[in-house]
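Residues take their numbers from the sequence shown, with the count starting at 1. Remember, it's 1-based here, ligands and their atoms both numbered in the order they're listed.
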Amino acid sequence: MNHNKSEQLFTAAKAIIPGGVNSPVRAFKSAGCNPIFIDKAAGSKIYDVDGNAYIDYVGSWGPMILGHCHPKVVEAIQKTAASGASFGAPTALETELAEMVNDAYPNIEKVRMVSSGTEATMSAIRLARGYTGRDKILKFDGCYHGHADSLLVKAGSGAATFGVPTSPGVPADFAKHTLTATYNDLTEVKAMVAANKGEIACIILEAIAGNMGCVPPAPGFLQGLRDLCTAEDIILIIDEVMTGFRVAYGGAQEYYGVRGDLVCLGKIIGGGLPVGAFGGKSEIMESLSPEGGIYQAGTLSGNPLAMSAGITTLKLLQEEGFYQQIEEKSSYLEAGLQQVTAASPVATCWQRVGGMFCTYFQEGPVNNFADALNSDTDAFGRYFRSMLDQGINLAPAQFEAGFMSVAHSKEDLDKTIAAVEKALTAV
Ligand SMILES: *Cc1c(COP(=O)(O)O)cnc(C)c1O
């Protein structure tokens with residue numbers, strides 16, 4: 001497969017954009033090769049500038065659950081654009097999408113639109129702190145909630161409970177307010193909450209951890225956090241930026257039957273345009289400016305193009321049997337992959353919830369970030385490069401989820417299974 005034009009474009013990009021990309025994972029660094037530059041996409045396929053076609057399991061990191069360029073979404077964006085791209089003033093579209101969010105997530109009584117998942121989690125945390133009057137927050141190692149300062153924090157070593165920054169530029173003074181616990185370890189969370197009684201504003205988590213591959217919550221973990229938060233007046237923030245409208249129309253909260261006090265959304269809700277949202281109990285949301293005193297704003301928040309792409313996408317997801325189709329395609333892929341991986345000497349572990357999944361290069365199971373780190377990332381790199389060469393576009397890093405779309409055909413899935421069988425011989 002020829003990548004000459006991609007190589008040229010990458011060289012030009014690196015001269016003017018840090019690392020040649022506007023989001024680090026796109027540089028393919030942990031896959032051990034250079035990125036492909038995209039020309040266009042349609043349905044389940046993505047095409048690079050050298051004219052190579054790939055079956056796409058990245059789906060813009062989750063949003064493209066309908067497949068790329070669904071004609072109705074394209075039409076909605078074009079039609080809205082013809083009336084004006086942005087006004088900085090309210091439109092009816094914002095209320096329409098807000099009402100759809102409330103229908104899907106009954107605990108989101110009020111919602112505010114923003115322009116990214118990062119903005120949603122950052123704002124939800126400010127709101128939780130402002131509402132409770134507490135500074136500390138608790139997150140889980142391996143959960144990603146965007147790149148705001150308080151959230152770029154990992155567990156401190158040994159007995160330390162204070163978090164340490166994962167990036168230069170995050171002041172230790174900020175990181176010290178972030179406690180970091182082990183995913184799926186309720187006992188540890190309870191101990192941390194007891195040691196910081198009355199000081200923790202919120203616990204934030206991915207109800208299915210999709211930024212360390214695909215780690216489902218252990219039985220009782222979510223309910224245990226819910227009960228703990230209720231008992232301690234801690235705000236439970238469920239970050240559904242990835243899982244919302246993905247594993248079910250009502251996200252992980254519908255799937256597992258556990259509800260947060262605040263919820264963050266993004267990705268699918270924008271249908272491929274830049275959108276995020278955060279919402280929850282009216283009583284908490286009413287503390288936001290201009291109703292209350294906690295400040296949050298955005299020039300492009302509730303952007304009409306993004307709202308109409310989101311509304312049209314969600315309407316299509318409401319069609320009878322949509323999530324059943326996603327489940328059937330995903331379980332078909334799962335069955336095929338399990339057959340070829342079982343026949344291979346390479347150690348792999350497949351984990352999936354609905355239309356999100358991960359193949360870890362290790363025996364597994366993976367229940368938390370430390371487990372995930374046991375994966376053979378070099379083996380993953382060889383696997384990834386072989387898959388790319390065979391026309392399959394996977395997330396270019398071991399600790400990322402793959403995403404199914406409704407546009408993936410049985411032929412796509414069969415090709416993928418055959419490619420995995422071949423790729424495993426190259427690992
Ligand atoms: C992608 C993601 C974010 C960040 O969203 P951006 O739009 O990239 O800022 C936050 N939380 C989770 C769970 C995500 O998957």
Side-chain angles (χ1 to χ4, degrees), residues 21-27 57-65 105 112-128 137-154 166-167 178 180 183 202-217 222 225 236-248 251-253 255-256 260 262-280 296 298 300-303 306 309-310 313 353-358 368-369 372 395-397 399-403:
V21 291
N22 282 312
S23 197
V25 74
R26 296 181 197 169
Y57 292 99
V58 180
S60 188
W61 300 94
M64 313 317 290
I65 194 168
Y105 299 81
R112 180 158 282 174
M113 300 297 164
V114 292
S115 299
S116 70
T118 294
E119 252 188 281
T121 56
M122 182 185 86
S123 308
I125 282 172
R126 180 180 306 145
L127 178 57
I137 66 171
L138 190 151
K139 75 177 283 286
F140 293 92
D141 208 13
C143 280
Y144 177 70
H145 305 288
H147 65 90
D149 281 343
S150 326
L151 293 163
L152 284 185
V153 175
K154 64 172 185 289
T166 46
S167 166
T178 303
T180 312
Y183 197 78
C202 62
I203 294 180
I204 183 168
L205 87 160
E206 292 179 77
I208 301 158
N211 287 285
M212 49 174 153
C214 182
V215 180
L222 296 178
L225 292 177
L236 181 62
I237 305 179
I238 301 194
D239 179 354
E240 294 234 40
V241 171
M242 184 185 289
T243 52
F245 303 102
R246 161 62 55 187
V247 295
Q253 292 170 99
Y255 196 93
Y256 294 109
L262 291 177
V263 178
C264 301
L265 294 166
K267 299 196 168 117
I268 290 177
I269 199 185
L273 273 76
V275 184
F278 66 104
Q296 188 279 329
L300 294 177
S301 294
N303 175 266
T313 298
V353 182
M356 57 188 274
F357 47 80
C358 181
N368 56 46
F369 192 49
F399 307 118
E400 302 287 354
F403 300 103

Identify the heavy atoms of Gly271 and Thr313 that sit nearest to each other, and give their distance.
CA-OG1, 3.4 Å
Under 3.5 Å: N or O atoms of ligand 1 paired with protein N or O:
from, atom 1, to, atom 2, distance (Å)
ligand 1, 5 (O), Gly117, N, 3.4
ligand 1, 7 (O), Gly117, N, 2.9
ligand 1, 9 (O), Gly117, N, 3.4
ligand 1, 9 (O), Thr118, N, 2.8
ligand 1, 9 (O), Thr118, OG1, 2.6
ligand 1, 11 (N), Tyr144, O, 3.3
ligand 1, 11 (N), Asp239, OD1, 3.4
ligand 1, 11 (N), Asp239, OD2, 2.7
ligand 1, 15 (O), Asn211, ND2, 3.1
ligand 1, 15 (O), Lys267, NZ, 2.6

What pairs with Arg112 under side chain to side chain contact (heavy atoms under 4.5 Å, CB included), at least two apart in sequence or on another chain?
Phe278, Met285, Leu288, Pro290, Gln296
Considering all heavy atoms of both residues, which atom of Gly280 and which atom of Leu262 are nearest to each other, and what is their separation?
CA-CD2, 4.0 Å
Could you check Ile208 against Tyr256 for side-chain contact (heavy atoms from CB on, under 4.5 Å), going step by step and ending with a plain yes or no?
CA-CA 10 Å; Ile208 301 158; Tyr256 294 109; 3.6 Å; yes
Would you say the ring centroid of Tyr105 lies under 6.0 angstrom from that of Phe245?
yes
Nearest heavy-atom contact between Ala124 and Cys264 is CB-SG, 3.8 Å
